[in-house]
Amino acid sequence: MEWTKLWLQEPEEHDFPAAADYLSLLLNADEVKRIVDALRTAPTQTKKAKDIMRASTLPLLPADNIHVKHNIQKVKSGKKLSPVLLVSGTPLVIADGYHRVCAAYHLTEDLVVPCRITGR
């Protein structure tokens with residue numbers, strides 16, 4: 001299935017403050033601002049859900065997790081999901097979109113996920 005049928009072309013505006021909130025738990029304010037600014041202008045690219053999950057080392061949330069389930073239902077009802085925001089490194093940081101990546105994996109682990117990626 002073509003990824004553009006399931007995903008928006010651009011992240012939603014509220015994804016950037018959500019990423020900043022999460023990153024503020026890990027990094028200082030100057031680093032957070034620099035990363036979020038870079039994510040805003042980074043080109044959207046695609047990666048497979050299984051590769052994002054592996055690189056992040058995060059556990060796969062179950063399909064019945066309330067947020068994962070909501071995203072799966074969104075896709076099945078024809079609504080598009082927002083691309084995810086990633087920070088490269090070891091491990092990969094899912095700054096925003098963890099539940100969306102898990103939902104994509106449950107739909108099919110090979111599902112292509114649009115993302116914005118920047119370094120630290």
Side-chain angles (χ1 to χ4, degrees):
M1 175 174 276
E2 177 62 34
W3 73 267
T4 56
K5 293 182 180 182
L6 302 177
W7 299 91
L8 297 169
Q9 297 286 329
E10 302 290 327
E12 295 181 90
E13 184 54 37
H14 64 83
D15 294 338
F16 297 103
D21 284 346
Y22 175 72
L23 292 171
S24 72
L25 297 170
L26 306 172
L27 305 166
N28 70 49
D30 290 338
E31 290 174 301
V32 171
K33 181 177 179 349
R34 183 181 51 74
I35 289 170
V36 172
D37 287 348
L39 287 169
R40 284 184 181 280
T41 60
T44 300
Q45 53 186 293
T46 58
K47 301 292 179 190
K48 290 184 178 175
K50 66 181 178 185
D51 294 333
I52 295 171
M53 289 304 301
R54 285 175 40 209
S56 75
T57 71
L58 292 169
L60 177 65
L61 296 171
D64 63 355
N65 170 283
I66 190 165
H67 302 291
V68 173
K69 185 177 180 178
H70 172 74
N71 284 309
I72 291 170
Q73 289 171 339
K74 243 177 123 168
V75 167
K76 289 183 177 182
S77 71
K79 294 184 179 124
K80 294 183 178 187
L81 300 177
S82 183
V84 300
L85 304 176
L86 307 173
V87 181
S88 62
T90 306
L92 175 74
V93 175
I94 301 176
D96 186 68
Y98 179 34
H99 296 98
R100 295 189 298 276
V101 174
C102 290
Y105 188 99
H106 283 294
L107 290 165
T108 172
E109 67 184 44
D110 289 321
L111 189 63
V112 173
V113 175
C115 49
R116 298 267 181 101
I117 305 173
T118 191
R120 289 196 179 172

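There is no path of hydrophobic side-chain contacts, each under 4.5 Å, that joins L111 to L8. Linking Ile, Leu, Val, Met, Phe, Trp and Tyr residues whenever their side-chain heavy atoms come within less than 4.5 Å places V75 and I52 in a single cluster. Under the 4.5 Å side-chain heavy-atom criterion for Ile, Leu, Val, Met, Phe, Trp and Tyr, L92 and Y22 are members of distinct hydrophobic clusters.
Counting all heavy atoms, side chain and backbone alike, A103 lies closest to N71 at CB-CB, 3.7 Å. The minimum heavy-atom distance between A63 and V68, with the atom names listed, is CA-CG1, 4.0 Å. Of all heavy-atom pairs between D96 and A19, the closest is CB-CB, 4.0 Å. Pairing each heavy atom of P91 with each of S56, the nearest pair is CB-O, 3.5 Å. Minimum interatomic distance between S24 and D21 (heavy atoms only, all atoms of both residues): OG-O, 2.6 Å. Contact record, K80 with T4: NZ-O, 2.9 Å, taken as the closest heavy-atom pair.
R40 places no side-chain N or O within 3.5 Å of a backbone atom of F16 that could act as its donor or acceptor partner. With hydrogens and angles disregarded, a donor-acceptor distance shorter than 3.5 Å links the side chain of W7 to the backbone of V112.
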Can you give the donor-acceptor pairs under 3.5 Å from side chains of residues 81-90 to other protein atoms, not counting sequence neighbours?
from: S82; atom 1: OG; to: E12; atom 2: N; distance (Å): 3.0
from: S82; atom 1: OG; to: D15; atom 2: OD2; distance (Å): 2.3
from: S88; atom 1: OG; to: T118; atom 2: O; distance (Å): 3.4

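By the salt bridge (charged side-chain N to carboxylate O under 4.0 Å, His left out) test, K48 is found to be paired with no residue, residues two or more places apart in sequence or in another chain being considered.
At a threshold of 4.0 Å, the pair D30-R34 does not count as salt-bridged, since none of the basic side-chain nitrogens sits closer than that to a carboxylate oxygen.
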(request) Decide side-chain contact (heavy atoms from CB on, under 4.5 Å) for L61 and Y98; before the verdict, give the C-alpha distance in whole Å, the side-chain angles of both, and the deciding distance to 0.1 Å. (result) CA-CA 9 Å; L61 296 171; Y98 179 34; 3.6 Å; yes
(request) Could you walk me through whether Q45 and I117 pass the side-chain contact (heavy atoms from CB on, under 4.5 Å) test, one step at a time? (result) CA-CA 8 Å; Q45 53 186 293; I117 305 173; 3.8 Å; yes
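The shortest side-chain heavy-atom distance between L26 and V93 falls under the 4.5 Å cut-off.
Applying the 6.0 Å contact sphere to CD1 of I66 captures no more than 12 heavy atoms from other residues, nucleotides or ligands.
Every pair tested for side chain to side chain donor-acceptor pair (under 3.5 Å) that includes a residue from residues 57-68 fails, sequence neighbours excluded, so the list is empty.
Between atom NE2 of residue H99 and atom CD1 of residue I94 there is a gap of 10.0 Å, rounded to the nearest 0.5 Å.
A side chain to side chain contact (heavy atoms under 4.5 Å, CB included) with I72 holds for exactly one of K74, K76, H70; it is K76.
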